[in-house]
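Reviewing the structure listed below.
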Amino acid sequence: MASLSKNRPLSEFIQYLIKDGVLSESEAEIHNAQAQKKQTPLLNYLVVNNIINSHQIAIKASQEYNLPFFDLDAIDLQSLPINLTTEKLIRNHHILPLLKRGDTLFIAISDPTNFQALDDIKFQSQLHPETILVDEKKLFKAIETLLEAADTSMSDLLDIEREHLDITSNIADEDFIRTEGNAEIDDAPVVRFVNKILLDAIKKGASDIHMEPYERYFRIRYRSDGILYQVASPPTNIATRVISRIKVMAKMDIAERRVPQDGRIKMTLSQNRAIDFRVNSCPTLFGEKIVLRILDPSSAQIGIEKLGFEPEQEQLFLLAINKPYGMVLVTGPTGSGKTVTLYTGLNLLNSVERNISTAEDPVEITVEGINQVNMNVKAGLTFANALRAFLRQDPDVIMVGEIRDLETAEIAVKAAQTGHLVLSTLHTNDAPQTLNRLMQMGIEPFNIVSAIILIIAQRLARRLCDHCKSPSHLPEATLIATGFKIEELKTLKIYSPVGCEHCTNGYKGRIGIYQMMTISDSMRTLILEGGNALQLAKLAKEEGIMDLRTSGLNKVRTGITSLEEIDRITKD
(Lines give C-alpha, C1' and ligand atoms only; values in the text may rest on other atoms or scores of the structure.)
Protein backbone atom coordinates (compact mmCIF):
# COMPACT_ATOMS: atom_id res chain seq x y z
CA MET A 1 0.00 0.00 0.00
CA ALA A 2 1.34 3.39 -1.01
CA SER A 3 2.26 5.63 1.85
CA LEU A 4 1.14 9.21 1.99
CA SER A 5 3.89 11.67 1.25
CA LYS A 6 2.35 14.93 2.46
CA ASN A 7 0.11 13.77 5.25
CA ARG A 8 0.89 11.85 8.39
CA PRO A 9 0.94 8.10 7.69
CA LEU A 10 -2.26 6.11 8.03
CA SER A 11 -2.45 4.03 11.16
CA GLU A 12 -2.57 0.26 10.97
CA PHE A 13 -6.23 0.38 12.01
CA ILE A 14 -7.20 2.76 9.19
CA GLN A 15 -5.38 0.49 6.75
CA TYR A 16 -7.41 -2.40 8.14
CA LEU A 17 -10.63 -0.42 7.49
CA ILE A 18 -9.51 0.23 3.90
CA LYS A 19 -8.75 -3.47 3.42
CA ASP A 20 -12.15 -4.32 4.90
CA GLY A 21 -13.91 -2.04 2.39
CA VAL A 22 -15.20 0.49 4.91
CA LEU A 23 -13.58 3.31 2.88
CA SER A 24 -11.27 3.56 -0.12
CA GLU A 25 -7.63 4.56 -0.06
CA SER A 26 -8.35 7.78 -1.98
CA GLU A 27 -11.08 8.68 0.52
CA ALA A 28 -8.70 7.96 3.36
CA GLU A 29 -6.09 10.31 1.85
CA ILE A 30 -8.61 13.15 1.44
CA HIS A 31 -10.02 12.74 4.96
CA ASN A 32 -6.55 12.39 6.44
CA ALA A 33 -5.56 15.75 4.96
CA GLN A 34 -8.68 17.40 6.39
CA ALA A 35 -8.15 15.78 9.81
CA GLN A 36 -4.57 17.02 9.86
CA LYS A 37 -5.74 20.59 9.12
CA LYS A 38 -8.15 20.36 12.06
CA GLN A 39 -5.44 18.80 14.24
CA THR A 40 -7.63 15.84 15.14
CA PRO A 41 -7.05 12.07 14.82
CA LEU A 42 -8.31 10.67 11.53
CA LEU A 43 -10.57 8.12 13.22
CA ASN A 44 -12.22 10.89 15.23
CA TYR A 45 -12.65 12.99 12.07
CA LEU A 46 -14.34 10.08 10.27
CA VAL A 47 -16.76 9.51 13.16
CA VAL A 48 -17.62 13.15 13.89
CA ASN A 49 -18.39 13.75 10.21
CA ASN A 50 -20.54 10.57 10.02
CA ILE A 51 -18.29 9.00 7.39
CA ILE A 52 -18.16 5.73 9.33
CA ASN A 53 -20.44 4.22 12.00
CA SER A 54 -18.43 4.30 15.22
CA HIS A 55 -20.36 1.57 17.01
CA GLN A 56 -20.16 -0.94 14.17
CA ILE A 57 -16.46 -0.20 13.70
CA ALA A 58 -15.77 -0.71 17.42
CA ILE A 59 -17.55 -4.08 17.47
CA LYS A 60 -15.69 -5.19 14.34
CA ALA A 61 -12.35 -4.06 15.77
CA SER A 62 -13.05 -5.87 19.03
CA GLN A 63 -13.54 -9.12 17.16
CA GLU A 64 -10.61 -8.60 14.77
CA TYR A 65 -8.06 -7.67 17.44
CA ASN A 66 -9.50 -9.90 20.18
CA LEU A 67 -9.96 -7.02 22.66
CA PRO A 68 -12.75 -6.53 25.21
CA PHE A 69 -15.42 -3.97 24.22
CA PHE A 70 -16.87 -1.57 26.80
CA ASP A 71 -19.84 0.83 26.61
CA LEU A 72 -18.85 4.18 28.17
CA ASP A 73 -22.52 4.93 28.93
CA ALA A 74 -22.31 2.33 31.69
CA ILE A 75 -19.77 4.22 33.80
CA ASP A 76 -19.85 7.37 35.92
CA LEU A 77 -17.38 9.66 34.16
CA GLN A 78 -16.64 11.58 37.36
CA SER A 79 -15.20 8.38 38.88
CA LEU A 80 -12.53 7.95 36.21
CA PRO A 81 -8.93 8.33 37.51
CA ILE A 82 -7.90 10.98 34.95
CA ASN A 83 -5.39 12.36 37.44
CA LEU A 84 -3.20 9.30 36.67
CA THR A 85 -2.33 10.78 33.28
CA THR A 86 -2.20 14.25 31.73
CA GLU A 87 -4.56 16.31 29.62
CA LYS A 88 -1.92 16.42 26.88
CA LEU A 89 -1.74 12.60 26.66
CA ILE A 90 -5.54 12.29 26.73
CA ARG A 91 -5.99 14.79 23.89
CA ASN A 92 -3.01 13.70 21.75
CA HIS A 93 -3.75 9.98 21.89
CA HIS A 94 -7.52 10.17 22.35
CA ILE A 95 -7.61 7.84 25.35
CA LEU A 96 -9.18 7.76 28.81
CA PRO A 97 -8.00 5.93 31.93
CA LEU A 98 -10.87 3.74 33.14
CA LEU A 99 -9.64 1.86 36.18
CA LYS A 100 -6.46 1.24 38.18
CA ARG A 101 -6.06 -2.23 39.63
CA GLY A 102 -2.74 -2.87 41.32
CA ASP A 103 -0.05 -1.75 38.87
CA THR A 104 -2.39 -2.11 35.88
CA LEU A 105 -4.16 0.87 34.31
CA PHE A 106 -7.08 -0.01 32.01
CA ILE A 107 -7.25 2.44 29.11
CA ALA A 108 -10.29 3.24 26.93
CA ILE A 109 -9.16 3.56 23.32
CA SER A 110 -10.86 3.47 19.92
CA ASP A 111 -7.81 2.70 17.75
CA PRO A 112 -6.46 -0.72 18.83
CA THR A 113 -3.23 -0.13 16.87
CA ASN A 114 -2.23 3.05 18.73
CA PHE A 115 0.72 1.40 20.45
CA GLN A 116 2.52 4.72 20.95
CA ALA A 117 -0.26 5.78 23.34
CA LEU A 118 0.39 2.73 25.51
CA ASP A 119 4.13 3.40 25.57
CA ASP A 120 3.64 7.05 26.53
CA ILE A 121 1.14 6.18 29.28
CA LYS A 122 3.45 3.51 30.67
CA PHE A 123 6.35 5.96 30.77
CA GLN A 124 4.28 8.78 32.30
CA SER A 125 2.30 6.78 34.89
CA GLN A 126 4.78 3.97 35.63
CA LEU A 127 1.80 1.61 35.32
CA HIS A 128 1.13 -1.26 32.93
CA PRO A 129 -1.59 -0.18 30.44
CA GLU A 130 -4.27 -2.63 29.29
CA THR A 131 -6.43 -1.72 26.26
CA ILE A 132 -10.24 -1.64 26.42
CA LEU A 133 -11.96 -0.91 23.10
CA VAL A 134 -14.73 1.71 23.10
CA ASP A 135 -16.99 3.54 20.66
CA GLU A 136 -15.02 6.54 19.25
CA LYS A 137 -18.09 8.81 19.26
CA LYS A 138 -18.74 8.15 22.94
CA LEU A 139 -15.04 8.43 23.72
CA PHE A 140 -14.85 11.86 22.08
CA LYS A 141 -17.88 13.07 24.03
CA ALA A 142 -16.51 11.70 27.31
CA ILE A 143 -13.11 13.35 26.82
CA GLU A 144 -14.65 16.72 26.01
CA THR A 145 -17.02 16.50 28.99
CA LEU A 146 -14.30 15.55 31.46
CA LEU A 147 -11.59 17.91 30.29
CA GLU A 148 -13.93 20.86 30.06
CA ALA A 149 -14.90 20.27 33.68
CA ALA A 150 -11.69 19.04 35.24
CA ASP A 151 -9.01 21.46 33.99
CA THR A 152 -6.38 19.01 35.15
CA SER A 153 -3.45 20.93 33.70
CA MET A 154 -3.18 24.51 34.90
CA SER A 155 -0.39 25.37 32.48
CA ASP A 156 -2.46 24.46 29.43
CA LEU A 157 -5.39 26.73 30.25
CA LEU A 158 -6.27 29.03 27.38
CA ASP A 159 -7.00 32.69 27.71
CA ILE A 160 -10.70 33.41 28.10
CA GLU A 161 -12.35 35.74 25.64
CA ARG A 162 -12.65 39.01 27.52
CA GLU A 163 -14.04 41.32 24.85
CA HIS A 164 -17.01 42.17 27.06
CA LEU A 165 -15.93 40.52 30.32
CA ASP A 166 -15.15 42.76 33.26
CA ILE A 167 -14.69 41.50 36.81
CA THR A 168 -14.64 43.99 39.66
CA SER A 169 -15.19 43.95 43.38
CA ASN A 170 -15.32 47.63 44.24
CA ILE A 171 -11.75 47.37 45.53
CA ALA A 172 -9.92 50.65 45.93
CA ASP A 173 -6.89 51.33 43.72
CA GLU A 174 -4.55 51.15 46.69
CA ASP A 175 -5.80 47.63 47.41
CA PHE A 176 -4.84 46.54 43.90
CA ILE A 177 -1.45 48.19 44.27
CA ARG A 178 -0.83 46.46 47.59
CA THR A 179 -1.46 43.03 46.06
CA GLU A 180 0.87 43.46 43.10
CA GLY A 181 3.72 40.97 43.09
CA ASN A 182 1.84 38.53 45.31
CA ALA A 183 2.33 35.14 43.63
CA GLU A 184 -0.82 33.76 45.22
CA ILE A 185 -3.10 36.17 43.36
CA ASP A 186 -1.10 37.37 40.36
CA ASP A 187 -0.32 33.92 38.96
CA ALA A 188 -1.68 34.19 35.40
CA PRO A 189 -2.81 30.53 35.07
CA VAL A 190 -4.66 30.84 38.39
CA VAL A 191 -6.37 34.04 37.22
CA ARG A 192 -7.48 32.33 34.00
CA PHE A 193 -8.60 29.26 35.90
CA VAL A 194 -10.75 31.27 38.34
CA ASN A 195 -12.29 33.27 35.49
CA LYS A 196 -13.09 30.03 33.67
CA ILE A 197 -14.74 28.51 36.74
CA LEU A 198 -16.94 31.59 37.17
CA LEU A 199 -17.89 31.77 33.50
CA ASP A 200 -18.62 28.05 33.22
CA ALA A 201 -20.88 28.25 36.27
CA ILE A 202 -22.90 31.00 34.60
CA LYS A 203 -23.09 29.13 31.29
CA LYS A 204 -24.31 25.99 33.03
CA GLY A 205 -26.95 27.85 35.05
CA ALA A 206 -25.40 26.98 38.42
CA SER A 207 -26.68 28.73 41.54
CA ASP A 208 -23.61 28.14 43.74
CA ILE A 209 -19.91 27.32 43.43
CA HIS A 210 -18.18 25.33 46.20
CA MET A 211 -14.38 25.34 46.49
CA GLU A 212 -13.28 22.78 49.08
CA PRO A 213 -9.69 22.00 50.13
CA TYR A 214 -9.01 18.59 51.73
CA GLU A 215 -5.86 16.88 52.88
CA ARG A 216 -5.14 15.04 49.62
CA TYR A 217 -7.29 16.78 47.02
CA PHE A 218 -9.02 20.03 46.10
CA ARG A 219 -12.61 19.80 44.90
CA ILE A 220 -14.79 22.30 43.01
CA ARG A 221 -18.53 21.69 42.72
CA TYR A 222 -21.47 23.50 41.13
CA ARG A 223 -25.01 23.42 42.48
CA SER A 224 -27.24 23.05 39.46
CA ASP A 225 -31.01 22.62 39.73
CA GLY A 226 -30.58 22.17 43.47
CA ILE A 227 -28.07 19.28 43.23
CA LEU A 228 -24.30 19.48 43.75
CA TYR A 229 -22.02 18.10 41.02
CA GLN A 230 -18.22 17.90 41.01
CA VAL A 231 -16.81 19.75 38.02
CA ALA A 232 -13.09 19.97 38.75
CA SER A 233 -10.35 18.54 40.92
CA PRO A 234 -7.32 20.82 40.46
CA PRO A 235 -3.94 19.99 42.02
CA THR A 236 -3.91 20.53 45.78
CA ASN A 237 -0.86 22.77 45.54
CA ILE A 238 -2.88 25.52 43.83
CA ALA A 239 -5.79 25.50 46.32
CA THR A 240 -4.37 28.34 48.41
CA ARG A 241 -3.69 30.47 45.32
CA VAL A 242 -7.19 29.92 43.90
CA ILE A 243 -8.84 30.80 47.22
CA SER A 244 -6.61 33.87 47.66
CA ARG A 245 -7.54 35.04 44.17
CA ILE A 246 -11.25 34.76 44.98
CA LYS A 247 -10.78 36.60 48.29
CA VAL A 248 -8.98 39.50 46.64
CA MET A 249 -11.67 39.78 43.96
CA ALA A 250 -14.30 39.84 46.71
CA LYS A 251 -12.45 42.49 48.78
CA MET A 252 -11.74 40.12 51.64
CA ASP A 253 -8.64 40.04 53.86
CA ILE A 254 -6.32 37.40 52.37
CA ALA A 255 -4.12 37.47 55.47
CA GLU A 256 -7.01 36.46 57.74
CA ARG A 257 -7.70 32.74 57.47
CA ARG A 258 -9.01 31.98 60.95
CA VAL A 259 -12.53 33.48 60.83
CA PRO A 260 -15.35 33.48 58.25
CA GLN A 261 -15.53 36.44 55.88
CA ASP A 262 -18.09 37.81 53.42
CA GLY A 263 -17.50 39.60 50.13
CA ARG A 264 -18.99 40.33 46.74
CA ILE A 265 -17.79 40.13 43.13
CA LYS A 266 -19.42 41.82 40.15
CA MET A 267 -18.93 40.36 36.68
CA THR A 268 -20.04 42.46 33.72
CA LEU A 269 -20.72 40.16 30.76
CA SER A 270 -22.05 42.82 28.40
CA GLN A 271 -23.52 46.31 28.42
CA ASN A 272 -26.89 44.87 29.36
CA ARG A 273 -25.99 42.01 31.67
CA ALA A 274 -24.03 41.80 34.91
CA ILE A 275 -23.76 38.95 37.40
CA ASP A 276 -23.04 39.33 41.11
CA PHE A 277 -21.34 36.67 43.23
CA ARG A 278 -21.93 36.68 46.98
CA VAL A 279 -18.79 35.16 48.51
CA ASN A 280 -18.30 33.52 51.89
CA SER A 281 -15.16 31.92 53.31
CA CYS A 282 -15.10 29.49 56.21
CA PRO A 283 -11.96 28.05 57.84
CA THR A 284 -11.84 24.25 57.72
CA LEU A 285 -9.32 21.66 58.87
CA PHE A 286 -7.25 21.82 55.67
CA GLY A 287 -7.80 25.42 54.53
CA GLU A 288 -10.60 27.81 53.75
CA LYS A 289 -13.73 26.64 52.00
CA ILE A 290 -15.20 29.23 49.62
CA VAL A 291 -18.84 29.28 48.53
CA LEU A 292 -20.01 31.72 45.86
CA ARG A 293 -23.73 32.33 45.44
CA ILE A 294 -24.49 33.43 41.87
CA LEU A 295 -26.97 36.32 41.81
CA ASP A 296 -28.41 36.85 38.35
CA PRO A 297 -30.96 39.72 38.19
CA SER A 298 -32.58 38.11 35.15
CA SER A 299 -33.57 35.10 37.30
CA ALA A 300 -36.02 37.30 39.21
CA GLN A 301 -37.65 38.59 36.03
CA ILE A 302 -38.74 35.32 34.51
CA GLY A 303 -42.44 36.21 34.29
CA ILE A 304 -45.29 34.80 36.33
CA GLU A 305 -46.16 32.27 33.62
CA LYS A 306 -42.81 30.48 34.14
CA LEU A 307 -43.07 30.06 37.91
CA GLY A 308 -45.16 26.91 37.60
CA PHE A 309 -48.45 28.11 39.11
CA GLU A 310 -51.61 26.17 38.31
CA PRO A 311 -54.18 28.53 36.67
CA GLU A 312 -56.20 28.92 39.88
CA GLN A 313 -52.99 29.47 41.89
CA GLU A 314 -51.89 32.24 39.55
CA GLN A 315 -55.23 33.98 39.99
CA LEU A 316 -54.95 33.77 43.79
CA PHE A 317 -51.42 35.22 43.66
CA LEU A 318 -52.38 38.11 41.39
CA LEU A 319 -55.49 38.86 43.45
CA ALA A 320 -53.44 38.96 46.68
CA ILE A 321 -50.58 41.20 45.49
CA ASN A 322 -52.99 43.67 43.94
CA LYS A 323 -54.83 44.27 47.20
CA PRO A 324 -54.07 47.66 48.79
CA TYR A 325 -53.07 46.15 52.15
CA GLY A 326 -52.50 42.86 53.93
CA MET A 327 -49.70 40.33 54.21
CA VAL A 328 -48.54 37.70 51.71
CA LEU A 329 -46.16 35.11 53.20
CA VAL A 330 -44.00 32.72 51.16
CA THR A 331 -42.63 29.74 53.05
CA GLY A 332 -40.26 26.88 52.35
CA PRO A 333 -36.70 25.72 53.04
CA THR A 334 -33.58 27.50 51.83
CA GLY A 335 -33.22 27.20 48.07
CA SER A 336 -36.91 26.65 47.36
CA GLY A 337 -37.31 29.76 45.19
CA LYS A 338 -39.00 32.09 47.69
CA THR A 339 -36.98 35.13 46.62
CA VAL A 340 -37.81 34.61 42.94
CA THR A 341 -41.53 34.34 43.76
CA LEU A 342 -41.43 37.54 45.80
CA TYR A 343 -39.49 39.45 43.17
CA THR A 344 -41.82 38.26 40.44
CA GLY A 345 -44.63 39.88 42.43
CA LEU A 346 -42.58 43.03 43.06
CA ASN A 347 -41.79 43.36 39.34
CA LEU A 348 -45.51 43.20 38.58
CA LEU A 349 -46.15 45.94 41.16
CA ASN A 350 -43.14 48.08 40.22
CA SER A 351 -44.53 51.27 38.72
CA VAL A 352 -44.23 55.04 39.09
CA GLU A 353 -47.43 55.10 41.13
CA ARG A 354 -46.11 52.86 43.90
CA ASN A 355 -43.43 53.39 46.54
CA ILE A 356 -41.79 50.00 47.12
CA SER A 357 -39.15 49.33 49.80
CA THR A 358 -37.38 46.08 50.69
CA ALA A 359 -35.30 45.02 53.70
CA GLU A 360 -33.01 42.09 52.87
CA ASP A 361 -30.06 40.26 54.40
CA PRO A 362 -28.36 40.61 52.01
CA VAL A 363 -29.87 42.18 48.88
CA GLU A 364 -29.41 39.43 46.30
CA ILE A 365 -31.01 40.99 43.23
CA THR A 366 -31.00 44.71 42.43
CA VAL A 367 -34.05 46.14 40.68
CA GLU A 368 -34.42 49.70 39.42
CA GLY A 369 -37.43 51.52 40.85
CA ILE A 370 -37.37 49.60 44.15
CA ASN A 371 -35.73 51.01 47.29
CA GLN A 372 -33.61 48.13 48.57
CA VAL A 373 -31.94 48.18 51.99
CA ASN A 374 -29.14 45.85 53.05
CA MET A 375 -29.25 44.75 56.67
CA ASN A 376 -26.23 45.62 58.80
CA VAL A 377 -26.67 44.21 62.29
CA LYS A 378 -23.24 45.46 63.46
CA ALA A 379 -24.27 49.02 62.62
CA GLY A 380 -27.69 48.55 64.24
CA LEU A 381 -29.67 48.20 61.01
CA THR A 382 -31.98 45.23 61.62
CA PHE A 383 -35.20 44.14 59.93
CA ALA A 384 -37.20 45.76 62.72
CA ASN A 385 -35.33 49.09 62.46
CA ALA A 386 -35.62 49.11 58.68
CA LEU A 387 -39.38 48.46 58.90
CA ARG A 388 -39.82 51.35 61.32
CA ALA A 389 -37.99 53.62 58.88
CA PHE A 390 -40.09 52.39 55.95
CA LEU A 391 -43.31 53.27 57.76
CA ARG A 392 -42.14 56.87 58.02
CA GLN A 393 -41.41 57.06 54.29
CA ASP A 394 -44.94 56.81 52.86
CA PRO A 395 -44.69 53.21 51.55
CA ASP A 396 -47.22 51.36 49.42
CA VAL A 397 -45.47 48.00 49.30
CA ILE A 398 -42.94 46.60 51.79
CA MET A 399 -40.92 43.44 51.35
CA VAL A 400 -39.15 41.91 54.36
CA GLY A 401 -36.54 39.31 53.44
CA GLU A 402 -37.41 37.05 56.37
CA ILE A 403 -39.46 37.27 59.56
CA ARG A 404 -37.05 35.90 62.15
CA ASP A 405 -38.24 37.30 65.48
CA LEU A 406 -41.27 38.62 67.31
CA GLU A 407 -40.31 42.28 66.95
CA THR A 408 -40.08 42.07 63.15
CA ALA A 409 -43.30 40.03 62.98
CA GLU A 410 -45.23 42.56 65.08
CA ILE A 411 -44.12 45.54 62.98
CA ALA A 412 -44.87 43.69 59.73
CA VAL A 413 -48.35 42.73 60.95
CA LYS A 414 -49.00 46.29 62.08
CA ALA A 415 -47.94 47.61 58.66
CA ALA A 416 -50.27 45.13 56.93
CA GLN A 417 -53.15 46.30 59.13
CA THR A 418 -52.57 50.00 58.49
CA GLY A 419 -52.86 50.25 54.73
CA HIS A 420 -49.66 48.65 53.38
CA LEU A 421 -49.07 45.53 51.33
CA VAL A 422 -46.38 43.46 53.07
CA LEU A 423 -44.52 40.57 51.42
CA SER A 424 -42.22 38.33 53.44
CA THR A 425 -40.90 34.80 54.00
CA LEU A 426 -40.78 32.24 56.79
CA HIS A 427 -38.98 28.92 57.10
CA THR A 428 -41.76 26.38 57.61
CA ASN A 429 -42.71 23.20 55.75
CA ASP A 430 -46.22 24.09 54.61
CA ALA A 431 -48.89 26.78 54.78
CA PRO A 432 -50.79 25.55 57.90
CA GLN A 433 -47.54 25.33 59.87
CA THR A 434 -46.87 28.99 59.02
CA LEU A 435 -49.96 30.10 60.93
CA ASN A 436 -48.95 27.96 63.89
CA ARG A 437 -45.40 29.33 63.77
CA LEU A 438 -46.65 32.92 63.99
CA MET A 439 -48.74 32.04 67.02
CA GLN A 440 -45.73 30.33 68.63
CA MET A 441 -43.66 33.47 68.00
CA GLY A 442 -46.18 35.44 70.06
CA ILE A 443 -48.41 37.08 67.43
CA GLU A 444 -51.96 37.28 68.75
CA PRO A 445 -54.46 35.18 66.75
CA PHE A 446 -56.74 38.18 66.10
CA ASN A 447 -53.79 40.03 64.50
CA ILE A 448 -53.01 37.03 62.29
CA VAL A 449 -56.53 36.72 60.91
CA SER A 450 -56.80 40.44 60.23
CA ALA A 451 -53.43 40.81 58.50
CA ILE A 452 -52.72 37.69 56.40
CA ILE A 453 -54.40 37.37 53.00
CA LEU A 454 -52.37 34.56 51.40
CA ILE A 455 -49.76 31.98 52.43
CA ILE A 456 -47.68 30.25 49.75
CA ALA A 457 -45.67 27.13 50.56
CA GLN A 458 -43.33 26.07 47.76
CA ARG A 459 -40.60 23.73 46.56
CA LEU A 460 -38.55 23.56 43.37
CA ALA A 461 -38.72 20.38 41.29
CA ARG A 462 -36.26 19.57 38.53
CA ARG A 463 -37.77 19.55 35.03
CA LEU A 464 -37.40 16.45 32.91
CA CYS A 465 -35.32 16.95 29.78
CA ASP A 466 -37.63 17.09 26.75
CA HIS A 467 -34.93 15.50 24.58
CA CYS A 468 -34.48 12.25 26.47
CA LYS A 469 -37.28 11.64 28.99
CA SER A 470 -38.67 8.15 28.72
CA PRO A 471 -42.11 6.68 29.57
CA SER A 472 -42.12 4.96 32.95
CA HIS A 473 -44.07 1.78 33.57
CA LEU A 474 -44.87 1.27 37.24
CA PRO A 475 -47.27 -1.24 38.84
CA GLU A 476 -50.78 0.06 39.46
CA ALA A 477 -50.46 -0.61 43.17
CA THR A 478 -47.38 1.62 43.32
CA LEU A 479 -49.11 4.45 41.45
CA ILE A 480 -52.14 4.30 43.73
CA ALA A 481 -49.92 4.26 46.82
CA THR A 482 -48.14 7.41 45.62
CA GLY A 483 -51.40 9.35 45.32
CA PHE A 484 -52.88 8.71 41.87
CA LYS A 485 -56.54 7.72 41.51
CA ILE A 486 -57.68 4.35 40.17
CA GLU A 487 -59.87 5.91 37.47
CA GLU A 488 -56.98 7.82 35.90
CA LEU A 489 -54.52 4.91 35.62
CA LYS A 490 -55.69 3.83 32.13
CA THR A 491 -54.82 7.20 30.58
CA LEU A 492 -51.98 8.15 32.93
CA LYS A 493 -48.60 8.58 31.27
CA ILE A 494 -45.60 9.42 33.42
CA TYR A 495 -41.94 9.81 32.52
CA SER A 496 -38.54 9.06 34.03
CA PRO A 497 -35.13 10.73 33.54
CA VAL A 498 -32.61 9.23 31.13
CA GLY A 499 -29.76 11.65 30.49
CA CYS A 500 -28.29 13.09 27.29
CA GLU A 501 -25.98 15.84 26.01
CA HIS A 502 -28.70 18.47 26.55
CA CYS A 503 -29.22 17.89 30.29
CA THR A 504 -27.77 16.73 33.60
CA ASN A 505 -28.81 13.19 34.53
CA GLY A 506 -32.11 13.58 32.69
CA TYR A 507 -33.12 16.97 34.13
CA LYS A 508 -32.79 20.53 32.87
CA GLY A 509 -34.10 23.55 34.77
CA ARG A 510 -36.57 23.69 37.64
CA ILE A 511 -40.21 24.55 38.19
CA GLY A 512 -42.14 25.44 41.33
CA ILE A 513 -44.80 23.39 43.06
CA TYR A 514 -47.06 25.32 45.39
CA GLN A 515 -49.61 25.17 48.17
CA MET A 516 -51.68 28.37 48.30
CA MET A 517 -53.87 28.98 51.29
CA THR A 518 -56.20 31.90 51.72
CA ILE A 519 -57.74 32.61 55.13
CA SER A 520 -61.40 31.58 54.98
CA ASP A 521 -64.02 32.30 57.67
CA SER A 522 -63.70 28.75 58.99
CA MET A 523 -59.94 29.11 59.09
CA ARG A 524 -60.24 32.41 60.99
CA THR A 525 -62.49 30.76 63.57
CA LEU A 526 -60.06 27.89 64.07
CA ILE A 527 -57.11 30.29 64.43
CA LEU A 528 -58.96 32.39 66.99
CA GLU A 529 -59.71 29.20 68.91
CA GLY A 530 -55.97 28.40 68.98
CA GLY A 531 -56.01 25.48 66.53
CA ASN A 532 -52.72 23.62 66.02
CA ALA A 533 -50.97 22.85 62.74
CA LEU A 534 -52.64 19.43 62.33
CA GLN A 535 -56.11 20.90 62.77
CA LEU A 536 -55.33 23.71 60.35
CA ALA A 537 -53.98 21.23 57.78
CA LYS A 538 -57.10 19.05 58.11
CA LEU A 539 -59.37 22.06 57.58
CA ALA A 540 -57.30 23.20 54.58
CA LYS A 541 -57.75 19.75 53.01
CA GLU A 542 -61.50 19.83 53.67
CA GLU A 543 -61.68 23.22 51.94
CA GLY A 544 -60.00 21.78 48.85
CA ILE A 545 -56.65 23.51 49.27
CA MET A 546 -54.10 21.57 47.24
CA ASP A 547 -51.07 20.48 49.29
CA LEU A 548 -47.52 20.30 47.94
CA ARG A 549 -47.74 16.59 47.16
CA THR A 550 -50.91 17.02 45.09
CA SER A 551 -49.41 19.99 43.26
CA GLY A 552 -46.33 17.90 42.50
CA LEU A 553 -48.38 14.98 41.16
CA ASN A 554 -50.05 17.40 38.75
CA LYS A 555 -46.62 18.18 37.33
CA VAL A 556 -45.97 14.42 36.99
CA ARG A 557 -49.28 13.96 35.13
CA THR A 558 -48.32 16.59 32.59
CA GLY A 559 -44.86 15.09 32.03
CA ILE A 560 -43.00 18.10 33.44
CA THR A 561 -41.19 16.17 36.16
CA SER A 562 -40.78 12.63 37.42
CA LEU A 563 -42.38 10.77 40.30
CA GLU A 564 -38.91 10.17 41.76
CA GLU A 565 -38.29 13.92 41.89
CA ILE A 566 -41.61 14.66 43.62
CA ASP A 567 -40.87 11.91 46.14
CA ARG A 568 -37.50 13.54 46.81
CA ILE A 569 -38.76 17.06 47.49
CA THR A 570 -42.03 16.25 49.31
CA LYS A 571 -40.80 13.46 51.58
CA ASP A 572 -41.06 15.76 54.62
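Note: hydrogens, waters and symmetry copies are ignored here, and every other heavy atom, side chains too, is used.
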[X] side chain to [Y] backbone, donor-acceptor under 3.5 Å:
{"X": "Gln313", "Y": "Glu310", "result": "yes"}
{"X": "Thr570", "Y": "Ile566", "result": "yes"}
{"X": "Thr550", "Y": "Met546", "result": "no"}

Output yes when [X] and [Y] qualify as a salt bridge under the 4.0 Å nitrogen-oxygen rule, no when they do not.
{"X": "Arg258", "Y": "Glu256", "result": "yes"}
{"X": "Asp225", "Y": "Lys508", "result": "no"}
{"X": "Glu402", "Y": "Arg404", "result": "yes"}
{"X": "Asp430", "Y": "Arg459", "result": "no"}

[atom1] ([X]) with more than 12 external heavy atoms under 6.0 Å:
{"X": "Glu564", "atom1": "CD", "answer": "yes"}
{"X": "Tyr325", "atom1": "OH", "answer": "no"}
{"X": "Lys555", "atom1": "NZ", "answer": "yes"}

Quick one, Asp361 with Asn376, criterion side chain to side chain donor-acceptor pair (under 3.5 Å). Give me CA distance, side-chain angles, the key distance, then yes/no. CA-CA 8 Å; Asp361 185 22; Asn376 188 340; over 6 Å; no
May I ask you to decide if the ring planes of Tyr514 and Phe309 are parallel, tilted or perpendicular, using 30° and 60° as cut-offs?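 Because their plane-to-plane angle lies in the 30° to 60° range, the rings of Tyr514 and Phe309 count as tilted.
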Checking side chain to side chain donor-acceptor pair (under 3.5 Å) for the pair Arg437/Thr428: CA distance, chi angles, key distance, verdict? CA-CA 8 Å; Arg437 171 76 183 279; Thr428 56; over 6 Å; no
